[in-house]
2 protein chains.
Amino acid sequence: MKRKDKNTEQVILQTARKIFIQKGLAGARMQDIADQAGINKALVHYYFTSKNKLFDLVFEQEFGHFFANLATIISSDLPLFEKIENIVSLDIERMTQFPGLPNFVMNEMSRNPDVILKKLKKIPVNELLTGFQKQINTEFRKGNIRKISANQLLINIQSLCIFPFIARPMIKGLMQLDDKSYLAMIEKRKTEVAAFIIQAIKN
Amino acid sequence: MKRKDKNTEQVILQTARKIFIQKGLAGARMQDIADQAGINKALVHYYFTSKNKLFDLVFEQEFGHFFANLATIISSDLPLFEKIENIVSLDIERMTQFPGLPNFVMNEMSRNPDVILKKLKKIPVNELLTGFQKQINTEFRKGNIRKISANQLLINIQSLCIFPFIARPMIKGLMQLDDKSYLAMIEKRKTEVAAFIIQAIKN
DNA sequence: GAAAAAATTAACCATTTGGTTAAAATTTAT
DNA sequence: ATAAATTTTAACCAAATGGTTAATTTTTTC
């Protein structure tokens with residue numbers, strides 16, 4: 001195994017990501033991570049010092065994916081309905097690309113709210129919400145939409161986009177969908193959810 | 001500790017529930033359950049045989065809460081909009097009453113989809129969805145609502161009701177809400193979410 | 001090519017964990 | 001009141017776990 005051909009550190013990280021997402025911090029085993037990475041367990045410690053350190057690193061990366069580009073769209077000059085369409089599209093695409101992500105992030109937020117709070121502080125949420133609320137108020141005054149708070153609207157958008165990924169096994173089970181059907185349904189939601197939301201707020 | 005005054009089995013069960021909801025199966029420790037129940041660890045094994053057995057029992061009970069009364073409302077003769085209002089109200093009330101429930105159930109569904117599939121098979125979902133779709137079709141033909149599938153509508157309702165509980169720490173962090181403000185916001189959603197949905201499908 | 005640095009290995013370690021056991025204590029049944 | 005049944009206890013157990021160590025191997029540097 002030559003360093004030029006393979007980067008052991010990266011292999012461990014990818015493997016750890018997969019297992020942490022699947023099993024969570026408590027359920028993941030260092031030996032399993034080593035086995036699946038095809039290395040000796042001591043190497044995990046050599047490169048990452050401890051289970052917690054490795055987990056923190058993985059979580060940092062995954063958490064970054066969660067909010068990727070969202071701020072940019074929310075603060076853009078796009079017309080409101082178009083903005084909603086773009087947020088929905090981006091959210092659903094990202095969750096499709098990283099299917100275990102919402103469960104992973106939500107769990108860790110439950111387990112460890114203080115760490116998350118610290119991370120969230122780095123996001124200029126007030127600015128975003130203020131700008132978004134202004135846009136909403138403008139559209140409301142023009143008579144284009146009904147009254148709604150930026151907070152509630154964003155919660156609704158995220159709810160409609162993310163929950164079906166969290167509830168994937170339940171939805172598949174209840175509605176008797178195989179993977180293909182489930183994914184087709186998710187694909188359809190890209191336009192349907194946006195339309196649902198726009199219709200809900202439209203005057 | 002007299003049997004007449006306290007039921008050790010129940011105390012263990014309540015404690016286990018709390019800890020399993022908080023830590024999950026892998027993260028919960030039998031010694032912690034015993035400590036918090038104020039008993040000797042061997043007692044947990046005496047009454048419940050193993051960690052897995054105890055967990056299964058707790059999960060069974062919690063899973064029951066998740067779907068409680070939902071089938072009854074969906075299959076009732078209520079007019080569609082009223083039905084939506086009742087589902088939303090019931091969902092939000094139940095999640096307020098059992099705040100850790102959605103995380104707990106969603107996690108276990110991820111971890112153990114086969115077990116969940118088995119449980120879901122006991123719910124007469126096809127009947128429910130068929131009936132609900134009929135009602136929707138009737139309203140659509142009358143020109144009262146837009147076209148939507150029962151599946152997507154139910155997913156949207158559940159998304160809007162449940163996700164804010166799953167994402168509680170994130171919402172609180174991003175929107176800088178304390179517990180009181182968060183709960184006030186949730187209370188408001190009982191009517192707002194129903195109105196949002198009704199508006200989204202109304203013609 | 002030799003030395004230094006880095007990566008890898010296999011064995012080992014202390015602690016934790018879920019579970020077991022047998023004795024003691026308590027409750028119930030007669 | 002005694003015997004039987006049940007509950008509880010404290011000690012113990014084997015395996016699993018995250019982590020450590022020192023030797024060996026490989027790669028990099030000069």
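In what follows, chains are A, B, ... by sequence order, proteins preceding strands, each numbered from 1.
Note: CG (B:Asn7) to P (D:dT6) measures 15 Å, nearest angstrom. Whole-Å rounding puts the A:His45 NE2 to C:dC13 C1' distance at 12 Å. Regarding B:Phe48, its CZ atom lies at a distance of 15 Å from the C1' atom of D:dT8, rounded to whole Å. Across the protein-nucleic acid pair, A:Leu54 atom CG and D:dT17 atom P stand 16 Å apart, rounded to whole Å. The separation between A:Gln31 atom CD and C:dA11 atom C1' is 13 Å, rounded to whole Å. Rounded to an integer number of Å, the gap from OH of B:Tyr47 to C1' of C:dT20 is 17 Å. The nearest whole Å value for the distance from the CD1 atom in A:Ile39 to the C1' atom in C:dA10 is 14 Å. D:dA14 atom C1' lies 17 Å from atom CE of B:Met30, rounded to whole Å.
Atom CD1 in A:Ile148 sits 4.5 Å away from atom CG in A:Leu153 (nearest 0.5 Å). From A:Asn107, atom CG reaches atom CD1 of A:Ile166 across 9.0 Å, with rounding to the nearest 0.5 Å.
Contacts of B:Tyr46 with the nucleic acid, taken as non-hydrogen atoms under 4.0 Å apart, include base atoms. At the heavy-atom level, A:Ala28 lies under 4.0 Å from the strands shown only through sugar-phosphate atoms. When heavy atoms are screened at a 4.0 angstrom cut-off, B:Ala34 is found touching no nucleic acid atom at all.
For A:Lys51 and D:dG19, a side-chain-to-base donor-acceptor distance below 3.5 Å is absent, hydrogens and geometry of angles not being considered.
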query: Are A:Gln133 and A:Asn137 close enough, and set up right, to give a side chain to side chain donor-acceptor pair (under 3.5 Å), and what steps lead you there?
result: CA-CA 6 Å; A:Gln133 187 65 69; A:Asn137 292 341; 3.0 Å; yes
Please test A:Phe63 against A:Glu108 for side chain to side chain contact (heavy atoms under 4.5 Å, CB included), starting from the C-alpha separation and ending with a verdict.
CA-CA 10 Å; A:Phe63 191 74; A:Glu108 185 58 11; over 6 Å; no
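B:Gln36 is linked by a side chain to side chain donor-acceptor pair (under 3.5 Å) to B:Lys18, counting only residues two or more places apart in sequence or in another chain. Take B:Phe48 and apply the ring pair (Phe, Tyr, Trp, His ring centres under 6.0 Å) test, not counting sequence neighbours, and it matches no residue.
Listed nucleotides: C:dG19, D:dA10, D:dG19. Nearest to the side chain of A:Ser50: D:dG19. Side-chain atoms of B:Lys41 lie closest to C:dG19 of the nucleotides C:dG19, C:dA10, D:dA10. Here the side chain of B:Asn40 is nearest to one of D:dT17, C:dA10, D:dA10, namely D:dA10.
Within 6.0 Å of CD in B:Glu127 there are 12 or fewer heavy atoms belonging to other residues, nucleotides or ligands.
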Polar atoms only, N or O, under 3.5 Å: list the protein pairs with nucleotides 23-25 of chain D and their distances.
none

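The residue among B:Leu43 and A:Ala42 whose nearest nucleotide of DNA chain D lies closer to the 5′ end is B:Leu43.
Identified under the side chain to side chain donor-acceptor pair (under 3.5 Å) test for residues 154-177 of chain A, with sequence neighbours left out: A:Asp91-A:Gln158, A:Asn156-B:Arg189, A:Arg168-A:Asp179, A:Lys172-A:Asp179.
Aromatic ring centroids of A:Phe66 and A:Phe98 lie 6.0 Å or more apart.
Considering only side-chain N and O atoms, B:Arg29 lies under 4.0 angstrom from the phosphate OP1 or OP2 of C:dG18. Remark: B:Thr8 is in phosphate contact with D:dT8, judged by side-chain N or O atoms under 4.0 Å from OP1 or OP2.
When the C1' atoms of four end pairs are superposed on the next four at each end of the helix from C:dG1-D:dC30 to C:dT30-D:dA1, using five pairs per end, the two resulting axes differ in direction by 20°, to 10°.
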Give the table of side-chain donor-acceptor pairs shorter than 3.5 Å for residues 19-35 of chain B, with sequence neighbours excluded, one pair per line with atom names and distance.
residue, atom, partner, partner atom, Å
B:Arg29, NH1, B:Ala26, O, 2.9
B:Gln31, NE2, B:Asp35, OD1, 3.0

